[in-house]
Amino acid sequence: MPVIMAQLIDGVTIAAQIRAEVKDQVAEMKRTLGITPGLATVLVGEDPASATYVRSKHKACEEAGIASFGHVLPKDATQEQVAAVLTELAANPNVHGILMQLPLPKHLNEDPLLALIPQHKDVDGFHPSNLGLLGVKGKPPPFAACTPAGCIELLERTGVSIAGKRAVVLGRSTIVGLPVSLMLLTRDATVTMCHSRTVNLASVVREADIIIAAIGKPLFVTADMVKPGAVVIDVGINRIADPSRKSGSRLVGDVDFDAVAPIASAITPVPGGVGPMTIAMLLKNTLKAAKQSQK
Ligand code: GUN
């Protein structure tokens, strides 16, 4: 069997290209229409990882020339207090996109709050109508969820054709597995979703031309599960113990990169693959929201 050394799908470079494209279009929008795209974020509580994500989203907005408005509520904020902020942002014409950072503190009920974000400001793509339309061919939703859209963008910008391919998605979450499956399906892939109840999972994954791993299990996809020449997109971000590192840990994906890279035809690294694409797609969606607000 020939040994194929996979092409590295460089999410850092591709995300930078998208961010530069958005920046140019934002500048043009300001020049021609006098409109500055605006993103509002809502962060409830003090979870350090969520606070870090939100900070990087604001920084990325600033670099692209997008206005950003941060709303931070205390960890014991009530459902009504969060709802009041979202309702105000929904009515604010300077806010084109609204993002409520998830997960919320446990005492809050996520779905009714997400429903307060109007579909035309749902730059995260979490609105049930936006999710549902992903599966309707020829009727794309105004916004696709950022991480799944980032996976598709990586495939397309790497020149991987999707139509007719066997795609296997590991994981059925509503923020990655389900939407990315629908996006592959409407691009004419033959899609199989695998999850915790799938029987003979390894043999199903072995049939894939395109593997999307989004199950949150470190190094789960091993070399024996991968057909030679498959394209592998790794959505996982897992921290595992590594005594050889000064920090005592390192980040790995859901794919055993070192073992799979010699077999695959193209593969994303972790970090530096799908991760940087999420923010790039958020900026792209915010620009789109501002453009659509003019129609
Ligand atoms: N938490 C983890 N990822 C995301 C994301 O893409 N959007 C929001 N709103 N919360 C998240």
Side-chain angles (χ1 to χ4, degrees), residues 11 15 18-19 22 38-61 66 68-73 75 77 82-83 85-86 89-90 95-106 108-128 130-131 134 141-154 171-180 182-183 212-216 233-239 251 253-254 270-271 273-289:
I18 294 169
R19 287 168 67 155
V22 169
L39 173 73
T41 64
V42 178
L43 172 66
V44 188
E46 292 144 15
D47 176 60
S50 290
T52 304
Y53 283 132
V54 169
R55 255 198 315 276
S56 27
K57 289 169 187 177
H58 284 278
K59 185 161 175 275
C61 282
I66 293 174
S68 65
F69 314 95
H71 295 260
V72 183
L73 288 94
K75 63 176 185 295
V82 184
V85 171
L86 292 170
L89 294 172
V95 171
H96 302 103
I98 304 172
L99 177 152
M100 180 169 66
Q101 188 65 27
L102 302 178
L104 293 172
K106 292 219 169 1
L108 295 171
N109 190 354
E110 196 170 286
D111 288 340
L113 291 172
L114 283 173
L116 292 173
I117 300 173
Q119 201 182 349
H120 63 280
K121 295 194 180 188
D122 174 37
V123 287
D124 247 336
F126 291 169
H127 192 291
N130 283 334
L131 180 62
L134 285 177
F143 307 106
C146 300
T147 302
C151 295
I152 299 293
E153 195 88 18
L154 285 176
R172 54 179 160 179
S173 72
T174 45
I175 60 170
V176 184
L178 179 60
V180 84
L182 296 174
M183 293 176 84
I212 313 272
I215 36 168
I233 304 289
D234 189 352
V235 186
I237 303 177
N238 312 286
R239 190 164 284 285
L251 286 182
D254 291 350
V270 176
V274 175
M277 294 297 290
T278 300
I279 288 187
M281 301 314 287
L282 174 68
L283 299 178
K284 206 170 162 176
N285 275 350
T286 305
L287 171 66
K288 194 174 177 193

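One-based numbering along the sequence shown. Bear in mind that the values here come from a model prediction, so they are computed numbers and not experimental data. Counting convention: from 1, in listed order, for ligands and their atoms alike. The figures that follow rest on heavy atoms only: side chains count, while hydrogens, waters and symmetry mates do not.
- Across L104, V72, L102, V85, a single residue satisfies side chain to side chain contact (heavy atoms under 4.5 Å, CB included) together with V44, and that is L104.
- At least one heavy atom of D124 sits less than 4.0 Å from an atom of ligand 1.
- Exactly one of T147, V235, D124 qualifies for a side chain to side chain contact (heavy atoms under 4.5 Å, CB included) with T278. That residue is T147.
- What sits closest to atom 11 (C) of ligand 1 on the protein, heavy atoms only, is Q101 NE2, 3.4 Å.
- Every atom of ligand 1 with a heavy atom of M100 under 4.0 Å away is listed here by number and element: 8 (C), 9 (N).
- The 12-atom threshold is not exceeded at OH of Y53, counting heavy atoms of other residues, nucleotides or ligands nearer than 6.0 Å.
- Among the atoms of L102, some N or O lies under 3.5 angstrom from an N or O of ligand 1.
- Considering NE2 of H120 and NE2 of H127, their distance stands at 10.0 Å, rounded to 0.5 Å.
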